[in-house]
Structures are given as C-alpha cells and as structure tokens.
Amino acid sequence: MNVIISEDLYDHDFVEKWCYGFEELSEAVKPWAPEKVQEVSWVDPEQLVGAARAFATNAPSTATWGVALDQSKQSTQAAQCFMAICAICGYIDVPGGITITKPTSFIGQWRYDMSDTLTEGMAEKHIVDPTGKYRMFNTGAAMGGVQGDTLLNWLEGMYKDYPEYYPLRMCWLIGSNPLACMADQPQRWYAAMKDLDFIVAQDIFMTPTIMGLCDLVLPLSTFAEHDGLVTPNYGRNQHFVGAMNTAVENPNTKSDLEILVDMGKRMRPEIWGDFTTIDDFFDTKLKENYGYGIEELREKSVIQADYKYRKYETGDLRDDGQPGFQTVTGRVELYSYVLEAYDEKPVPYFEEPDYSPVSQPPEVVEKYPLVYTTGAATSALSTLSTVRFPRCVRCIPIRW
C-alpha cells in the first residue's frame, strides 16, 4: 500500500467515490517504506516494490488468500491490508477482479438462522472470555463461536469465579482433532478433556483425539458415499453450486448432515420436523436461496449464478436498495468502524509475532535460531509427540 499510494498508482475515481478512510489509511502506511518492511518480513525491497507495481498497473487483477493470512496473530490486520489493496486499485466487483455475490450464502444463512432459534436462556450459555480479550467472540459477532484459548481455559476451570461459569459435561467433535490441530498445547487439551463425562466424535478416520478421548464414534461417509452440494470455499461469495451424487453405497456410514438433521428432528422437532430426508433439506434451502431445487441441480450438475458487475452503482448490494456497499458508511471501509466499536484499531497495524528473534530474549534466539509457525495460539510451544495417553479401551464405534 505504501508503494501504490506514494507512487500514485491507485484508482482515484474508485477511491473518491466508493472508499471511506483513505486519508487515515495513507497516514497509517506512510512509515512503512519497503526498507522498513524488509526488517520485519525479510523480503527484498525490490521484490516488494515490483509486486506492488505489477499488481496495481495490470488492471484488472485479483488475488485470493487462505490459511497464510487466516492463521496468524494479526490475521485481521493482514486481511484488512489485502482487501484495502484490492479496493484502492479499483478491483472490487469488476470483471477479472474480486467478485461479490449473494451476501448471505446457503451455508451462512443456515448457520445464522439456527442461532436465532435458541430458546430462552440458551443464548446466555455462550462461552465468553471474562477478561474481555476477545470481544468479537464474546458478543457472537465473530462466527457465533468461541475462541479456542477461551474454551481451553474454560475447560480447565480457569474462570470458576466468573458469575456465569458452568462446568462442561460433554463434547461432540465434528471433523475436529484438537490433539493435533491445537499442536502447540496438546497436553493441556488432553488433560482438560479427559475427565468429561461423555465425548462423541463423527469422523472418517480414527484420529489421535478419538483414540485418546472418545467414548463413541459415529463413522462418516466419504464424499463418494453420500449426496451433497459443492460450493466455493468462500461461503460468503457463492457464485456457483454443484451437485455431489452418491457413487458408492456404504450402509455403515452416514454423512455429517444426515446425523445433524436426525439429531435436530429429535431435539427440536418444531424446526426440523418437516425434513424427512436430506433431499427435503437440500430442496427447501436451495429454493429459498436460489429458486431452483435439488433435482434441477442434479440434472445440470453445476449451476453458475447470473452475474452483474459494479452492483455498488445500482443499489444491488444494500438491503435499502441505495448505491454503495453494505457497510456503516456505504463504502469500502479502509477505516473500519466495526473494529473501532470493539476497541480495535480501525486501520491496519503491525505487531511482532510472539515467537520471533525480535520478541524473544537474545539467549533464546541464540539457542533456537530457527523460526517456524503452526498458525496456533500464543501458549507455550510443545509438540504432539510429547503427548502421552493410555491406549483407548472405551472407544465404541457403532454400525448404523
């Protein structure tokens, strides 16, 4: 951003009409000359300058991100920078740029609709960090879930003095393997979970977590063994939907969705009682969102959504039908009021990672000269190989 702004490579028209906070953003990036960026990124300044110029002068351009940005201490700030670069270059909702499709996707709408059906008192059971460290998770604004460190501290009883604390009794793991994916602190997770009354998992494989902790395993079908939908991994940008059809029959497995709908019908029949089959569910939700059903999708295999560009000019992005974007200011917010509302800085900033030659004492750096990341939390590093748990004797797989 420093290079693109200082060399006047940005799209003035788009920035002036459709971006908010450009002056604040410019001030925030002004100190970050390529030579300073080299100090923290170890990337040659000429490469940084060349990449910035290439991206900004070859219009339209586009890019995508994955866990390299998602799973780091400053993933929010990295994502802000990424989207701000695309915005100031004018690459939003244009042919060859960053597309914007249906704002609430099939999967996203289902998740948020269900969160709105919680019975009285259940919403208050949402696990929060009483220190206020993770405010967006505490309010449910961030995916409606709980931050991983908070859940671990809760399991360990660290928040027992918190008025809303209650002990957890069971755990249901769906495609998750905390003893491996929380690889910097597996001993803590194992110790915190092993005394739960009941742990059930549904998975394709007998993972380390299942072997070490679970009482019951629900065997899942693979993609070839059940019907399903194929959607982009960016669930909030659903530009196509594809049909996934059963190729191999396996009577001893069920899909995640079959299990969840079956449980939904038992626990909340007023919500799930109308779905007698998974096809019923797919058909209903597809028609609600896109106007076509499961059979039409199967017949065509893939349905690509009709697309209209520059929807911010025509009012097709906002609920009120006005031109602009579905934000507080109606523009692409280079200065984020949402982050500011949660006591976070509204423009991107940099903090050194916890485990780096800069953050750690010199004697540690000398003893451990290599730097590596798992994208994990900030607890003391350890390795999965140090986990010790008894051979599983209580794990009971079931046949459907």
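All values reported here derive from a predicted model rather than from experimental measurement.
Between the side chains of Thr246 and Asp227, at least one donor N or O lies within less than 3.5 Å of an accepting N or O. When only modelled atom types and interatomic distance are considered, His226 and Ser221 share a side-chain donor-acceptor pair under 3.5 Å. One side chain, Gln202 or Asp256, offers a donor N or O that lies under 3.5 Å from an acceptor on the other. Between the side chains of Glu296 and Tyr290, no donor-acceptor pair is found at a separation under 3.5 Å.
Stacking of Lys265 on the aromatic ring of Phe275 is not recorded, the 6.0 Å distance cut-off and the 45° axial limit not both being met.
Residues passing the ring-ring contact (aromatic ring centres under 6.0 Å, His included) test with Phe82 are Trp65, sequence neighbours excluded. For Tyr368, the ring-ring contact (aromatic ring centres under 6.0 Å, His included) test picks out no residue, with sequence neighbours left out.
A side-chain hydrogen bond (donor to acceptor under 3.5 Å, both in side chains) with Lys311 holds for exactly one of Asp316, Asp93, Thr99; it is Asp93.
Between Phe22 and Tyr10, the ring planes are tilted. Angles from 30° to 60° get that label.
Using a 4.5 Å cut-off on side-chain heavy atoms (C-beta onward), Ile4 and Met1 make no contact. Side-chain contact check for Leu257 versus Phe282: some heavy-atom pair is nearer than 4.5 Å.
In this structure, Val128 and Trp154 approach most closely via the heavy-atom pair O-CZ3, 3.5 Å.
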